[in-house]
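Below: the structure, in structure tokens.
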Amino acid sequence: MLQLNIIKENPKGVTELLRIKNFDAEALVEEIMELDHRRRETQKKMDDGLAEANILAKEIGILFKSGKGEEAGALKERSAVLKKETQSLGIILEETKSALDEKLVLLPNLPHPSVPAGNSEEDNEVLVANEFKIKLHDDAVPHWELAKKYDIIDFDLGAKVTGAGFPFYKGKGARLQRALINFFLDEALEAGYSEYQPPLFVNEDSAYGTGNLPDKDGQMYHIGEDNLYAIPTAEIPITNIYRDVILGQDSLPIKNVAYSSCFRREAGSYGKDVRGLNRLHQFDKVEIVQICHPERSYDTLEEMRIYVASLLEKLELPYRILKLCGGDISFTSSLTYDFEVFSAAQKRWLEVSSVSNFEAFQSNRMKLRFRDEDNKTRLAHTLNGSALALPRIVAALLENNQSETGINIPKALRTYTGFDLIS
RNA sequence: GGAGAGGUGGCCGAGUGGUCGAAGGCGCACGCCUGGAAAGCGUGUAUGCGCCGAAAGCGCAUCAUGGGUUCGAAUCCCAUUCUCUCCGCCA
């Protein structure tokens, strides 16, 4: 949620910046300014009324104590009137506040000035392209066929037991999953992250905190009986640790890593994009989250970008890094780098990580603050990124490393898998 | 799932319906004292919103959360939630 102060200070600037995200904010900003004005006006009236009522109550108390109870009658009458007035003002205030909030959450985060304009993924800026040549033999096949051939992932079995998009990993396929998780976690620890194992379900407050509600309501699995949401990413529990928290001066930066299963309904997805491991309802991911001083957040973003790239290097996967354009960047992000690996048999790029700086957008909604050098409370900046999401990594590993004899495991993973070939 | 006890500032902990944002202690910060430190002494030490752009000041709200009773609620009532104890069930 965008900070009200930023909008009030420079409504035109906000509208201008949001054009880069192809968002027309003009009417919305105007409404917000108006609602804010009404809110302050109402609160002033109510506070004054309450102040008078407080004074009256004290006077009545004194009268009663000194045995002049009869004299309190008139004051009581006035008090009753004030109560009615302040109560109805209170209702108006609450209505105005929630109307203001409803409008505020509709505004996307401001893009960083470096974000290129654009409408779709075509306009993303390719920053790094590490496309070392992959030579596949003539009978090279996509990963879903390899999965069947070597009996390492069973989509049909998953469909029988649960539904489409919930595969079983078997034998060396299961061990490869476990190896990747451990590899990613160990690398993150090495890079100074603290490991968490989060709950896989969160409550409503947490889903709001990171902005998944009300935005992506239909995209999360929801347990109605207990009103809990299955997490689409570990970002939600890990970031919400700091909801309504004021961090001490020395606690920044916070670097957390968590492995979790992720659950996504992916309503509306279909076609060849969702074939095999390309898009699942349940998948595994290692997520990194940082909370840092506002002045450091872009350095931190670069640090995270380099870190994620190093993982792909170690896995010897051809990848590229995209700086997302205004039209493709998410609602909550100021600046996002997408990482894509090349899937040789499908001949297409698959997104495996998205590293974003949210600046104070999440913190503002979550009330995540810290004490700065002057001991004042300020909103911290939050960042996160996948490091990495497993399924598409597995897809690329299988396809790119297939040979006549089997699938070769990259060196960095062999100590984790305990085997160097799937055959 | 059943029964009971409880939730007060960063922490501990007091609080009879009235001047309680809340005693006292610990912690922390600053100052005095000291050659330096400890001890001791003194001062300060919540958050949000509003008056107003900032500071100072003032006002309002906040004692788990949300309602209610009352001129007045940390205190009384109701609901929710979380923690603890016992019983039941259980990896």
Side-chain angles (χ1 to χ4, degrees), chain A residues 1-14 32-101 103-104 197 199-209 223-229 237 240-252 254 261 360 363-380:
Chain A
M1 187 162 71
L2 218 49
Q3 288 158 267
L4 190 56
N5 275 341
I6 292 179
I7 301 168
K8 276 160 75 175
E9 272 165 28
N10 189 1
K12 286 223 169 88
V14 166
I32 285 168
M33 302 282 281
E34 204 178 292
L35 281 167
D36 176 58
H37 179 76
R38 199 190 309 165
R39 184 197 108 241
R40 297 205 322 270
E41 208 174 52
T42 313
Q43 177 162 356
K44 174 78 177 130
K45 269 192 212 160
M46 188 183 78
D47 282 0
D48 288 348
L50 287 171
E52 193 185 337
N54 282 344
I55 292 168
L56 281 179
K58 279 175 192 172
E59 282 173 2
I60 292 168
I62 292 167
L63 285 176
F64 269 107
K65 267 197 178 164
S66 53
K68 298 175 189 164
E70 330 76 62
E71 291 178 31
L75 298 183
K76 274 190 174 184
E77 259 174 54
R78 173 67 185 149
S79 199
V81 172
L82 279 172
K83 183 167 185 178
K84 268 196 182 153
E85 279 177 10
T86 52
Q87 259 180 352
S88 54
L89 282 170
I91 292 167
I92 296 172
L93 182 64
E94 281 315 306
E95 281 169 0
T96 314
K97 271 186 178 171
S98 50
L100 179 59
D101 245 24
K103 296 294 173 190
L104 269 174
Q197 201 172 96
L200 300 181
F201 297 90
V202 294
N203 58 30
E204 227 177 329
D205 286 347
S206 295
Y208 271 103
I223 301 179
E225 199 172 356
D226 299 297
N227 197 20
L228 294 174
Y229 292 86
N240 270 284
I241 295 171
Y242 307 97
R243 171 157 49 84
D244 284 317
V245 165
I246 301 175
L247 295 161
Q249 264 176 41
D250 307 325
S251 38
L252 298 180
I254 287 169
S261 292
S363 317
N364 187 38
R365 197 186 294 211
M366 267 195 298
K367 307 266 177 294
L368 195 186
R369 291 156 295 170
F370 73 102
R371 282 188 198 285
D372 70 5
E373 303 74 21
D374 303 324
N375 221 29
K376 293 245 167 76
T377 56
R378 284 176 69 182
L379 293 171

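First the proteins, then the strands, lettered A, B, ... as listed; each starts at 1.
- Note on Thr42(A): every side-chain N or O is 4.0 Å or more away from OP1 and OP2 of rG50(B).
- Taking a pair to require two hydrogen-bonding distances under 3.5 Å in either a Watson-Crick or a G-U wobble arrangement, rC90(B) remains unpaired.
- Rounding to whole angstrom units, CG of residue Leu100(A) and P of rG50(B) are separated by 10 Å.
- Looking at heavy atoms from C-beta onward, Ile32(A) lies in side-chain contact with Leu104(A) at the 4.5 angstrom threshold.
- Rounded to whole Å, atom P of rC49(B) lies 13 Å from atom CG of Asp101(A).
- Going from the C1' atom of rU8(B) to that of rA74(B) covers 7 Å, rounded to whole Å.
- To the nearest whole angstrom, the two C1' atoms, one in rC58(B) and one in rG21(B), are 16 Å apart.
- Checked against Lys8(A) for a side chain to side chain contact (heavy atoms under 4.5 Å, CB included), the options Leu4(A), Asn10(A), Ile6(A) give a single hit: Leu4(A).
- Of the candidates Asn203(A), Val202(A), Leu200(A), Asn203(A) is the only one forming a side chain to side chain contact (heavy atoms under 4.5 Å, CB included) with Leu228(A).
- Here rU83(B) sits opposite rA5(B) as a Watson-Crick or G-U wobble pair (both hydrogen-bonding atom distances under 3.5 Å).
- A donor-acceptor contact shorter than 3.5 Å is absent between the side chain of Ser206(A) and the backbone of Pro237(A).
- Spacing between atom CG of Leu75(A) and atom P of rC71(B) amounts to 13 Å, rounded to whole angstrom units.
- rG9(B) and rA5(B) have their C1' atoms separated by 24 Å, given to the nearest Å.
- Atom P of rC52(B) sits at a distance of 16 Å from the matching atom of rG59(B), rounded to the whole Å.
- Comparing Gly61(A) and Lys376(A) against RNA chain B, the residue whose closest nucleotide sits nearer the 5' end is Gly61(A).
- With distances taken from any side-chain atom of Ser79(A) to the nucleotides rG59(B), rU47(B), rC71(B), the minimum falls on rC71(B).
- Here rG57(B) sits opposite rC51(B) as a Watson-Crick or G-U wobble pair (both hydrogen-bonding atom distances under 3.5 Å).
- The partner of rC33(B) cannot be assigned: no Watson-Crick or G-U wobble pair with both contacts below 3.5 Å exists in any strand.
- Look at the C1' atom in both rG17(B) and rC77(B): the space between them is 13 Å, to the nearest Å.
- Within the 3.5 Å criterion, the main-chain N or O of Arg38(A) finds a donor-acceptor partner in the side chain of Thr42(A).
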*asked:* Determine whether Thr377(A) and Arg371(A) satisfy the following criterion, side chain to side chain contact (heavy atoms under 4.5 Å, CB included), listing intermediate values before the conclusion.
replied: CA-CA 5 Å; Thr377(A) 56; Arg371(A) 282 188 198 285; 3.7 Å; yes
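- For Arg40(A) and rC49(B), the shortest distance from a side-chain N or O to OP1 or OP2 is not below 4.0 Å.
- Taking atom CG of residue Leu4(A) and atom C1' of nucleotide rG53(B), one finds them 15 Å apart after rounding to whole Å.
- One P atom belongs to rA46(B), the other to rG10(B), and the distance between them is 9 Å to the nearest Å.
- Lys83(A) has a side-chain polar atom (N or O) that falls below the 4.0 Å cut-off from OP1 or OP2 of rG72(B).
- Nucleotide rG72(B) forms a pair with no other nucleotide shown, judged by Watson-Crick or G-U wobble geometry with both contacts under 3.5 Å.
- By the 4.0 Å N-to-carboxylate-O rule, Asp48(A) lies close enough to Lys44(A) to be salt-bridged with it.
- For rC11(B), the paired base is rG25(B) (Watson-Crick or G-U wobble, both distances below 3.5 Å).
- Contact between the side-chain N/O atoms of Arg378(A) and the OP1/OP2 oxygens of rU47(B) is not found at any separation under 4.0 Å.
- Atom name P, nucleotides rG42(B) and rG25(B): the rounded distance is 10 Å, in whole Å.
- When both distances must be under 3.5 Å, the Watson-Crick or G-U wobble mate of rC63(B) does not exist.
- Leu50(A) comes within 4.0 angstrom of the backbone, heavy atoms only, and of no base.
- The interatomic distance linking Leu89(A) (CG) with rC49(B) (P) rounds to 20 Å, in whole Å.
- Between the P atom of rG48(B) and the CZ atom of Arg369(A) lies a distance of 5 Å, rounded to the nearest Å.
- At whole-Å resolution of the value, CD in Glu94(A) and C1' in rG48(B) are 13 Å apart.
- Counting any heavy atom pair closer than 4.0 Å across all strands shown, Asn54(A) reaches sugar-phosphate atoms only and no base atom.
- Toward the 5' end of RNA chain B, the nearer of the two residues Ala80(A) and Lys97(A), judged by each one's closest nucleotide, is Lys97(A).
- A close approach under 4.0 Å does occur between a side-chain nitrogen or oxygen of Arg39(A) and OP1 or OP2 of rG50(B).
- Checked by distance alone, Asp47(A) brings a side-chain donor or acceptor within 3.5 Å of a matching partner on the base of rG59(B).
- Going from the C1' atom of rA22(B) to that of rC63(B) covers 8 Å, rounded to whole Å.
- Distance, Lys44(A) NZ to rC49(B) C1': 12 Å, rounded to whole Å.
- A salt bridge does not link Glu85(A) to Lys45(A): none of the charged side-chain nitrogens sits closer than 4.0 Å to a carboxylate oxygen.
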